[in-house]
Enquirer: 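Below you'll find the structure I mean.
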Amino acid sequence: MNAVPEFPGAPVNGLSVDVEDWFQVGAFEDVIARETWDRLESRVEANCERVLALFGAAGVEATFFTLGWIAERHPRVIRAIAAQGHEIASHGWDHRRVFTLGPERFAADLQRTRAVLEDLTGQAVTGYRAPSFSIDARTPWAHRVLAEHGYRYSSSIAPLAHDHYGWREAPRFAFRPLTGAPLVELPVTTAEVAGRRFAAGGGGFFRVLPYALSRWAIRRVNRHDGRAAVFYFHPWEIDPAQPRVAGAPLRSRLRHYTGLAGMEAKLARLLGAFRWGRMDAVALREAALVA
Ligand SMILES: [Zn+2]
């Protein structure tokens with residue numbers, strides 16, 4: 001946990017990295033087939049090393065939601081992440097959205113991923129993030145499957161309307177999705193202005209829009225709501241030299257490639273401005289608030 005530069009007594013916010021390569025993002029799914037992934041230039045290891053250096057300089061610990069597909073091919077960097085005190089959690093095997101799987105395939109995906117991650121680090125995997133925040137109204141079984149597999153928390157819901165994801169009726173802050181199970185859901189942070197919700201927990205919002213907007217939103221969540229923010233980004237977001245994907249929709253390309261060059265400095269600023277910690281620690285605190 002880092003210093004408290006902004007104001008004392010602020011909650012520790014959840015800092016998370018979704019560990020996937022530049023060719024695995026949901027927006028490119030229709031133009032880059034999974035069968036071709038092994039032939040593409042992998043940049044995830046080098047980018048994770050840079051993320052580790054950034055976190056080390058800021059003195060923060062975080063959670064890395066990792067694809068099983070990545071862990072199997074890049075064991076060294078996953079071990080390095082865990083060895084530096086960060087949490088390794090699950091992002092599923094190969095980025096298939098939960099609502100495309102159904103309960104049985106979802107369970108199999110969880111088990112396969114967890115086996116690889118736990119084998120690498122020797123530490124229990126207790127957290128899960130659905131690819132593209134794909135737990136929503138179409139997956140009423142998903143939290144039950146997670147609880148049955150011993151997960152303590154999930155951070156898999158974007159409680160807003162977005163063109164690629166979102167479940168706008170979901171609560172903005174931590175809640176227990178099941179009665180009689182300790183599982184806590186930690187939705188990605190949103191800002192609410194005049195009854196409208198905006199994504200404010202990272203992703204394109206943080207990278208593309210001015211830093212001051214994210215800072216305002218996280219301060220408001222900490223001070224006005226008294227809650228922890230949940231923030232995420234991807235290793236490819238600090239990599240301006242990544243290959244460009246032709247054939248993807250213009251809107252997806254604009255969102256993916258804008259702001260890459262300034263991202264690392266922007267992140268360093270954010271890390272210094274708030275308190276940050278691992279998602280498992282944030283889940284414990286938030287669980288006590290919603291008991
Ligand atoms: Zn992802």
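Just so you know, residue 1 is the first one in the sequence shown, and it goes up from there. In listed order, ligands and their atoms are each counted from 1.
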Enquirer: Indicate whether any N or O donor in one side chain lies under 3.5 Å from an N or O acceptor in the other, for E61 and H86.
Expert: no
Enquirer: From the N, O or S atoms in H91, identify the one nearest to the Zn ion (ligand 1).
Expert: NE2
Enquirer: Within the stated cut-off of 2.8 Å, is an N/O/S atom of E20 closer than that to the Zn ion (ligand 1)?
Expert: yes
Enquirer: Would one find an N, O or S atom of H234, in either backbone or side chain, under 2.8 Å from the Zn ion (ligand 1)?
Expert: no
Enquirer: Whether R96 and D109 form a salt bridge (side-chain N of Lys/Arg under 4.0 Å from carboxylate O of Asp/Glu) is what I want to check.
Expert: no
Enquirer: Side chains of T121 and R79 only: does a donor on one sit below 3.5 Å from an acceptor on the other?
Expert: no
Enquirer: Any side-chain donor paired with an acceptor under 3.5 Å for S42 and D21?
Expert: yes
